[in-house]
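Take a look at the structure below.
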Amino acid sequence: MPKDFVTVADWAADDLWSIVDRARVLRANHRSGKRSRTLEGRTLAMYFEKPSLRTHVTFEAGMAQLGGHAILLKPEQIGIGTRESPADVARVLSRWVDVLMARTFSHELIEQLAEDATIPVINGLTDLLHPCQAMADLVTMAEVMKPTDATLAYVGDGNNVANSLILLSAVLGLRLRLATPASHPPSARVLARAGELARSSGAEIVVGEDPVAAVKDVDFVYTDTWISMGQEEEAAQRRELFRPYQVNAELLSHTDDAWVLHCLPAHRGEEVTADVLDGPRSLVFEQAENRLHAQNAILETLLTR
Ligand code: CP
Ligand code: NVA
């Protein structure tokens, strides 16, 4: 098992399915008020270069619920790369705490922190990937049907969320269709790695530009913001470019009453209409709920194996 949770591409399918199983047990325990103090006395450091609601609260609450503790580190406080090198930050944190979760712009920074830290490093989102989100999405899909029997469509920007869904599908042998504008495809590096993984897992991953073709008869339709954190200056141009990729009732009429997924935060009237996001087939708040339990299962897996 890898030391870190930086990308699902490093993980074996069986270990990812075990995380899903454990997340479901932890969720049932949580709902019935039963606490599992499996991380008693453990400390998580959390480093955020970008804003967060879900990732921050679920990691901090998760550690508290499992008997541990979390410390929030802000870039202006510790100055990775300005006040101190990433390597030294990783080395000293490794002497004090048990696990580091980081949300950074650069994916290379997380990879570097993971290499220099002797403790596990968890990717809480980079410009390239969002693996904790993909695991919560898998837990959510598993609630309504067997993910290996499902077809998932992703419509919109070929961003970090799309990239992690591609890698997750590639490891687990899932069926995934993507529709993104030709100018904003998923990462070429991610697609190349997914191609290698799919050869042994049997995953079927189809990348195209046509939203209607992508969603035809699928079980789940996923979308994400058109303007990711750090892209605010391109907002007007992106709103125009992605308009044909809106997930709305018309697009969903080409599916077999598909479930709707979104990692949140959502922009009603942009990537998704309000009637769809707040409608009866939306699982978006289940996804948010499952962030807590998927991550608690990841933390336990990394810290108690
Ligand atoms: N989905 C997600 O990662 O949300 P936050 O940016 O609020 O953490
Ligand atoms: N693609 C979005 C995901 C937010 C959780 C972003 O990077 O801002």
Side-chain angles (χ1 to χ4, degrees), residues 5-8 23 44-63 70 72-75 100-110 122-141 154-168 178-181 183-187 190 220-235 237-239 241-242 245-247 260-268 270-272 277 282-296 298-299:
F5 199 81
V6 167
T7 168
V8 293
L44 165 73
M46 305 184 292
Y47 174 68
F48 285 96
E49 288 182 351
K50 303 182 182 187
S52 171
L53 171 63
R54 279 146 288 272
T55 308
H56 178 180
V57 174
T58 51
F59 270 106
E60 186 159 342
M63 283 303 288
L72 177 64
L73 303 172
K74 295 184 182 164
L100 168 65
M101 186 280 298
R103 166 170 287 196
T104 61
F105 287 93
S106 148
H107 188 71
E108 288 67 33
L109 176 57
I110 291 248
I122 300 175
N123 181 349
L125 180 147
T126 64
D127 284 349
L128 186 71
L129 298 177
H130 198 0
C132 293
Q133 181 67 52
M135 290 304 293
D137 302 336
L138 183 63
V139 173
T140 307
M141 289 168 65
Y154 176 93
V155 177
D157 189 14
N159 62 13
N160 43 12
V161 168
N163 289 332
S164 275
L165 290 172
I166 290 170
L167 291 173
L168 188 70
L178 298 107
T180 70
S183 55
H184 291 74
S187 149
V190 162
F220 296 92
V221 175
Y222 201 125
T223 191
D224 182 20
T225 182
W226 295 337
I227 303 147
S228 282
M229 292 178 275
Q231 299 173 335
E232 291 77 9
E233 283 183 5
E234 300 168 25
Q237 173 199 336
R238 284 178 162 269
R239 278 191 192 103
L241 173 76
F242 285 102
Y245 291 84
Q246 185 184 68
V247 173
V260 173
L261 301 169
H262 191 309
C263 60
L264 303 179
H267 309 82
R268 291 169 176 79
E270 294 187 19
E271 74 274 6
V272 63
L277 193 86
S282 171
L283 295 173
V284 302
F285 295 105
E286 279 70 22
Q287 287 173 269
E289 178 179 357
N290 287 327
R291 289 293 301 277
L292 176 68
H293 308 298
Q295 289 159 196
N296 283 355
I298 292 166
L299 286 163

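Indexing begins at 1, ligand by ligand and atom by atom, following the structure's order.
- Contact check for Glu271 versus Val155: no side-chain heavy atoms found under the 4.5 Å cut-off.
- When all heavy atoms are compared, the tightest approach of Lys74 to Tyr47 is C-CE1, 4.2 Å.
- Annotation: side-chain hydrogen bond (donor to acceptor under 3.5 Å, both in side chains) contacts of Thr7 (sequence neighbours excluded): none.
- Below 30°, between 30° and 60°, or above 60°: for Tyr154 and Tyr222 the angle between ring planes is between 30° and 60°, a tilted geometry.
- Listed by chain and number, residues touching ligand 1 at under 4.0 Å (heavy atoms only) are Ser52, Leu53, Arg54, Thr55, Arg103, His130, Gln133, Cys263, Leu264, Arg291.
- Judged by distance alone, with hydrogens and angles left aside, the side-chain atoms of Thr126 form a donor-acceptor pair with the main-chain N or O of Leu129 at under 3.5 Å.
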Polar pairs, ligand 2 vs protein, N/O only, below 3.5 Å.
| from | atom 1 | to | atom 2 | distance (Å) |
| --- | --- | --- | --- | --- |
| ligand 2 | 1 (N) | Asn159 | ND2 | 3.3 |
| ligand 2 | 1 (N) | Asn160 | OD1 | 2.8 |
| ligand 2 | 1 (N) | Asp224 | OD2 | 2.6 |
| ligand 2 | 1 (N) | Ser228 | OG | 2.7 |
| ligand 2 | 7 (O) | Asn160 | ND2 | 2.8 |
| ligand 2 | 7 (O) | Ser228 | OG | 3.4 |
| ligand 2 | 8 (O) | Met229 | N | 2.8 |

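- Side-chain polar atoms of Thr58 and Gln295 form a donor-acceptor pair below 3.5 angstrom.
- Once rounded to the nearest 0.5 Å, the distance linking NE2 of His267 with OG1 of Thr225 reads 4.0 Å.
- Scanning for side chain to side chain contact (heavy atoms under 4.5 Å, CB included) contacts around Glu286 gives Thr140, Leu283, Asn290, with sequence neighbours left out.
- The side-chain heavy atoms of Gln246 and Trp226, taken from C-beta on, include a pair separated by under 4.5 Å.
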